[in-house]
Amino acid sequence: MHVVVTEDPEGPGGTLGHENGTVTHVPDLAEAIGSWPESDHREVRWVWGDTRRVYPGVLGRGVRVGRCHDVALTEGLLLGAEGRYGEPRSAEAAYARLHGFAVPEDREAVVEGGQGTLFEAEPREAGFGVGEAELVAAVYQDQLGRIGRLKEPGRFRLLVAAESAGALIAAEMGFFGMPWRESVHDALLTELLGGRPAHGMRPSKLQALADEVAAAFGQAVNPDSPQQIIKAFKSAGLTVPSTRSWVLKEVDHPGVKPLLAYKELARLYSFHGWVWADQWVKEDRFRAEYVVGGVVSGRWATSGGGALQIPKLMRRAVVADEGWTLVVADAAQLEPRVLAAMAGDGGLARAAGEIDLYAALAKAFGGQRDAAKIAMLSAMYGGTSGDAPKLLAVMRQRFPQAYAFVEDAARAGEEGQLVRSWLGRTSPPPSARWRELVSGPEGTRASRDRGRFTRNFVVQATAAEWATTLMAILRHHLPDPAKLVFFQHDEVMVHCPLDQTTTVRSAIATAADEATRLLFGDTPVRFPMEAIAVTCYADAK
DNA sequence: CGCCAGTGCGCC
DNA sequence: AAAGGGCGCACTGGCG
């Protein structure tokens with residue numbers, strides 16, 4: 001069964017819309033959801049316009065839900081599938097389209113940017129002469145109908161369920177937070193940088209390196225300015241095309257070493273330094289803002305805090321609570337396995353039945369595991385340099401179906417067509433700019449670029465679907481109080497009491513298996529998900 | 001002053 | 001060694 005949920009613009013109240021069409025106003029929404037008759041609590045699908053607007057408040061009152069249908073996320077997926085990519089996807093917009101009213105822009109598109117301002121800027125639209133509960137209910141019914149008319153409604157329903165579950169998980173991860181020891185983080189920064197500087201100053205070790213750089217060049221140079229660095233090298237008689245670290249590494253000049261050291265530390269300082277901690281870490285928890293489906297491929301993005309780019313070095317600060325542990329699991333070689341399963345390539349699927357897929361493929365590539373890996377990555381990314389052409393020729397011969405699968409996706413992209421993931425996420429259409437370019441002198445290049453994008457899209461998007469499905473299942477298998485606290489494309493982290501370690505590890509294995517069956521049915525492809533329990537994230541690999 | 005593109009680099 | 005896909009974010013420096 002489903003229940004439509006709306007929250008009052010002010011206060012803790014809201015409405016519950018029942019399947020028979022009646023709408024009840026409740027003074028305390030979280031309480032009403034939490035006290036829903038236990039017998040069917042797990043069976044309820046809570047339908048709401050936007051998880052980010054409704055769920056945090058509910059969580060804040062200590063209530064969690066099992067399943068939901070996020071109307072805005074679903075609308076985005078449906079619009080893409082219907083060739084209307086990019087149109088506003090809020091429940092209000094969907095309702096307006098349904099009835100021929102003027103379609104309001106999405107609020108996040110209007111407000112955009114700043115943390116915490118996402119939904120505060122303007123009061124809720126007055127509506128279209130209909131209560132919000134009726135509005136959401138009408139859009140929900142319409143969406144069910146549209147899903148039913150798609151080519152693969154069953155798969156798309158899985159996609160919608162996974163995306164909606166992802167929204168719940170993202171909200172919960174943001175709410176509960178990832179363990180982050182401020183004291184460890186501070187000690188690490190102090191060791192590397194030399195203590196927190198006064199406002200407007202560089203940390204001492206950073207300043208020392210900057211001074212070394214200036215001394216080496218015999219002139220003042222801002223190490224944060226690529227332009228100034230290039231000029232400084234020029235006046236030393238050296239021409240560098242850029243200041244990328246791998247370029248500078250090859251340059252013979254005394255300024256290079258301190259400069260590279262500076263760049264590395266400066267990044268830590270500005271990205272994950274004290275200012276970052278002030279903003280994002282409270283009470284030994286890092287609370288990130290995830291954006292479900294924020295990447296066109298369906299991967300998650302972040303809107304602040306950089307949760308998906310935590311430097312390996314900083315993982316020292318991620319430490320389980322006393323008596324608790326971190327169970328960290330990542331899917332090994334996820335993308336080639338996804339390709340094997342999707343393409344139905346017998347040979348590749350057999351290799352993907354092994355724990356080390358690349359080793360299993362090595363035979364086909366002259367016994368070279370590295371060659372097999374480059375061949376697979378080139379096939380999935382559209383690589384053309386080095387040995388790629390030669391290795392791709394081997395792949396074409398030995399794994400023709402997998403080869404054809406990515407080639408077809410690339411060709412579709414080059415021709416300006418849309419491609420779809422396994423569950424039905426649709427790639428964005430080519431931009432107007434691309435259409436101009438493609439018929440001009442730079443046409444071949446633009447065409448190839450888009451081909452590489454669509455080639456990768458089908459694999460990356462399906463990998464994202466597998467990972468989100470796994471998480472959605474895992475969430476239901478976790479014993480209380482274990483919690484998902486981190487997710488990064490193909491890696492999950494669960495924070496749990498020590499005595500739940502074994503249960504959590506097997507829950508992860510089960511979830512990986514169930515996700516594989518749900519998506520691909522009876523495939524020989526295996527998706528190994530090795531889980532390791534650690535006290536500190538840095539010890540996970 | 002804010003805005004924006006370019007650069008560079010962290011993660012998968 | 002540094003190519004091929006996807007991101008976010010800090011910083012510089014030019015512009016209005």
Side-chain angles (χ1 to χ4, degrees), chain A residues 112-115 202 206 221-231 240-250 259-260 262-273 275-276 279-280 288-315 330-336 338-339 370 373-389 391-392 406 409-410 413 419 421 425 427-428 448-464 466-467 486-492 537 541:
Chain A
E112 189 128 45
Q115 176 210 4
R202 284 195 180 105
L206 218 42
V221 49
N222 178 359
D224 288 320
S225 167
Q227 288 184 28
Q228 290 188 30
I229 294 168
I230 287 175
K231 262 192 215 149
V240 291
S242 77
T243 65
R244 292 184 170 87
S245 54
W246 67 83
V247 171
L248 295 185
K249 236 169 250 167
E250 304 305 313
L259 184 55
L260 290 175
Y262 177 91
K263 281 157 78 84
E264 198 177 332
L265 289 180
R267 196 187 149 83
L268 287 176
Y269 173 58
S270 64
F271 264 66
H272 289 95
V275 174
W276 173 87
Q279 187 178 359
W280 295 102
E289 290 176 10
Y290 294 99
V291 185
V292 173
V295 180
V296 291
S297 66
R299 278 184 173 184
W300 290 16
T302 51
S303 66
L308 301 178
Q309 295 121 263
I310 299 169
K312 292 225 160 95
L313 193 68
M314 286 292 169
R315 297 179 181 185
D330 73 318
Q333 306 156 343
L334 177 58
E335 294 192 348
V338 158
L339 173 58
D370 274 5
K373 185 172 175 176
I374 290 170
M376 285 305 296
L377 294 179
S378 299
M380 293 186 298
Y381 291 157
T384 54
S385 66
D387 291 338
L391 297 171
L392 284 172
V406 286
V419 295
S421 69
R425 188 185 302 270
S427 68
R448 294 252 165 85
D449 283 351
R450 188 160 190 281
R452 276 197 302 279
F453 167 65
T454 51
R455 169 195 293 272
N456 184 252
F457 179 94
V458 293
V459 179
Q460 188 184 112
T462 305
W466 183 89
F486 186 57
F487 170 52
Q488 186 173 230
H489 310 311
D490 61 358
E491 175 181 1
V492 299
Y537 186 24
K541 273 201 276 212

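Just so it is clear: chains get the letters A, B, ... in the order the sequence lines come, proteins before strands, and each one is counted from 1.
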Quiz item: Any side-chain N or O of A/S225 less than 4.0 Å from the OP1 or OP2 oxygen of C/dG13?
Solution: yes

Exercise. Assign a letter to each nucleotide of nucleotides 2-12 of chain B from its 5' end: B, base within under 4.0 Å of a protein heavy atom; S, sugar-phosphate only; -, no contact.
Key: -----SBBBSB

Self-check item: Contacts of A/A375 that satisfy side chain to side chain contact (heavy atoms under 4.5 Å, CB included) - sequence neighbours left out
Solution: A/F365, A/L391

Quiz item: Could you give the CZ-to-P distance, from A/R448 to C/dG4, as a whole number of Å?
Solution: 13 Å

Exercise. Nearest whole angstrom, please: distance from the P of C/dC11 to the CG of A/L259.
Key: 16 Å

Exercise. Would you mind classifying the nucleic acid contact of A/V459 as base, sugar-phosphate or nothing, using non-hydrogen atoms under 4.0 angstrom?
Key: nothing

Exercise. Would you kindly give the CD-to-P distance between A/Q228 and C/dT12, to the nearest whole Å?
Key: 9 Å

Quiz item: Between C/dG13, C/dT12, C/dC7, which nucleotide gets closest to the side-chain atoms of A/V295?
Solution: C/dC7

Practice problem: Quick one: list whatever passes side-chain hydrogen bond (donor to acceptor under 3.5 Å, both in side chains) with A/R452, sequence neighbours left out. | Solution: A/D449

Self-check item: Counterpart residues, side-chain hydrogen bond (donor to acceptor under 3.5 Å, both in side chains), relative to A/R455 (two or more places apart)
Solution: A/E407

Quiz prompt | A/R448 CZ: over 12 foreign heavy atoms closer than 6.0 Å | solution = no

Self-check item: Rounded interatomic separation in angstrom, taking CZ from A/F453 and P from C/dA3
Solution: 21 Å

Quiz item: Which sits closer to the 5' end of DNA chain C, A/E250 or A/E335, going by the nucleotide each is nearest to?
Solution: A/E250

Quiz item: Which part of the nucleic acid does A/G294 contact within heavy-atom distance under 4.0 Å: base, sugar-phosphate only, or nothing?
Solution: nothing

Self-check item: By side-chain hydrogen bond (donor to acceptor under 3.5 Å, both in side chains) - contacts of A/R450 (at least two apart)
Solution: none

Exercise. For C/dT12, take OP1 and OP2 only and decide whether either is under 4.0 Å from a side-chain N or O of A/N222.
Key: yes

Exercise. Round to a whole Å and report the spacing from CD1 of A/I374 to P of C/dA2.
Key: 13 Å

Quiz item: Taking NZ, NE, NH1 and NH2 as the nitrogens, is one of them in A/E335 or A/R299 under 4.0 Å from a carboxylate oxygen of the other?
Solution: yes

Quiz prompt | Residues forming a side-chain hydrogen bond (donor to acceptor under 3.5 Å, both in side chains) with A/W300, sequence neighbours excluded | solution = none

Quiz item: Atom CZ of A/F487 to atom C1' of C/dG6: distance rounded to whole Å?
Solution: 13 Å

Exercise. Could you check how far CD of A/Q279 sits from P of C/dG8, rounded to whole Å?
Key: 16 Å

Quiz item: When all nucleic acid strands are considered with a 4.0 Å heavy-atom cut-off, which category describes A/G386: base, sugar-phosphate, or nothing?
Solution: nothing

Exercise. Would you classify A/T302 as touching base, sugar-phosphate or nothing, given that sugar-phosphate means primed atoms plus P, OP1 and OP2, and contacts are heavy atoms under 4.0 Å?
Key: sugar-phosphate

Quiz item: Atom CG of A/L248 and atom C1' of C/dA2: how far apart are they, to the nearest Å?
Solution: 14 Å

